[in-house]
Amino acid sequence: MGIRSDEFPDGDRLPLVEEFFSLQGEGFHTGKAAYFIRLGGCDVGCSWCDSPFSWNPGLHPMVETDAIIERVVDSGADSVVITGGEPLMWNLSHICTELKKKNILTYLETSGAYPLSGEWNWICLSPKQNMPPSADICNVANELKVIIQETNDFLWAEKYRLMVTGNCRLFLQPEWSRFKTIIPEIVEYVKKNPKWRISLQVHKYMHIP
Ligand code: SF4
């Protein structure tokens with residue numbers, strides 16, 4: 001992959017794929033403005049991944065974390081979503097600490113396949129079957145978001161519902177390319193299992209990043 005996260009153990013540089021100020025389109029915080037930071041690097045290998053361009057961190061510049069933080073502050077955003085790729089391949093302690101000093105909320109989107117770093121205001125755990133998450137991250141997730149591609153995925157979702165805490169918000173999200181086929185099943189499932197809510201990728205309908 002060209003670069004490895006252990007070459008940057010302090011998290012003072014991060015492989016930046018893209019950054020933008022937009023609206024959260026998925027899960028519990030849907031509709032809220034947030035500054036998005038997409039980091040490179042992921043070896044989870046989901047067949048339906050909508051950001052495979054992020055997998056190889058070597059294709060993206062190692063950017064000074066403090067420079068990213070400055071741009072967040074300049075944007076006026078009050079919260080940051082760090083996504084990927086799999087952002088926990090990198091040490092996220094520095095970026096979280098510095099954002100917190102500036103009273104900016106820190107939200108994480110992760111598969112949970114790597115150890116947790118950083119202090120977070122919100123952790124959205126989206127487990128993937130190729131590389132299941134650790135029990136540690138299940139214990140601290142604020143939100144469980146399971147991608148539903150086929151009927152068997154409901155069983156997978158229930159397995160992880162039992163591993164997160166009772167306070168964790170539960171979302172089922174249709175895999176985008178199977179949306180038309182799978183959404184009637186999700187609707188029926190949520191009606192029968194009202195602990196779950198549906199999450200739609202509304203940013204894709206709005207044609208915003
Ligand atoms: Fe793509 Fe996320 Fe799966 Fe990695 S974990 S392959 S970024 S969907």
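Every number for a ligand or one of its atoms is a count from 1 in the order of the listing. This structure is a prediction, so every number in the text was calculated from the model and none was measured.
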> Under 4.0 Å from a heavy atom of Cys42: which atoms of ligand 1 are those, numbered in the order shown and with their elements?
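Near Cys42, the atoms of ligand 1 are 4 (Fe), 5 (S), 6 (S), 7 (S).
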
> I'd like to check which ligand 1 atoms, numbered from 1 as shown, lie under 4.0 Å from a non-hydrogen atom of Gly85.
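Under 4.0 Å from Gly85, ligand 1 has these atoms: 7 (S).
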
> Is Glu175 salt-bridged to Arg178, cutoff N-O under 4.0 Å?
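Salt bridge: no.
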
> Would Glu86 and Ser111 count as having a side-chain donor-acceptor pair, cut-off 3.5 Å?
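On atom types as modelled, these side chains qualify, holding a pair under 3.5 Å.
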
> Is there a donor-acceptor contact under 3.5 Å linking the side chains of Glu185 and Thr151?
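Result is yes, a qualifying pair exists.
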
> Which of the numbered atoms in ligand 1 are under 4.0 angstrom from any heavy atom belonging to Trp55?
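Here the atoms of ligand 1 in question are 1 (Fe), 6 (S).
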
> Do Glu109 and Lys145 meet the salt-bridge criterion of a basic N to acidic O distance under 4.0 Å?
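The answer is yes: the pair qualifies as a salt bridge.
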
> For Glu7, check side chain to side chain contact (heavy atoms under 4.5 Å, CB included) against everything at least two apart and list the hits.
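Side chain to side chain contact (heavy atoms under 4.5 Å, CB included) check on Glu7 returns Ile3, Arg4.
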
> Does any N, O or S atom of Cys46, backbone or side chain, fall under 2.8 Å from atom 3 (Fe) of ligand 1?
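Cys46 does place an N, O or S atom closer than 2.8 Å to atom 3 (Fe) of ligand 1.
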
> Please report which non-hydrogen protein atom sits nearest to atom 1 (Fe) of ligand 1, along with the residue it belongs to and the distance in Å to one decimal place.
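Checked against all protein heavy atoms, atom 1 (Fe) of ligand 1 sits closest to Cys49 SG, 2.3 Å.
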
> For ligand 1, which atoms, with element, lie under 4.0 Å from some heavy atom of Gly45?
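In order of number, 6 (S).
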
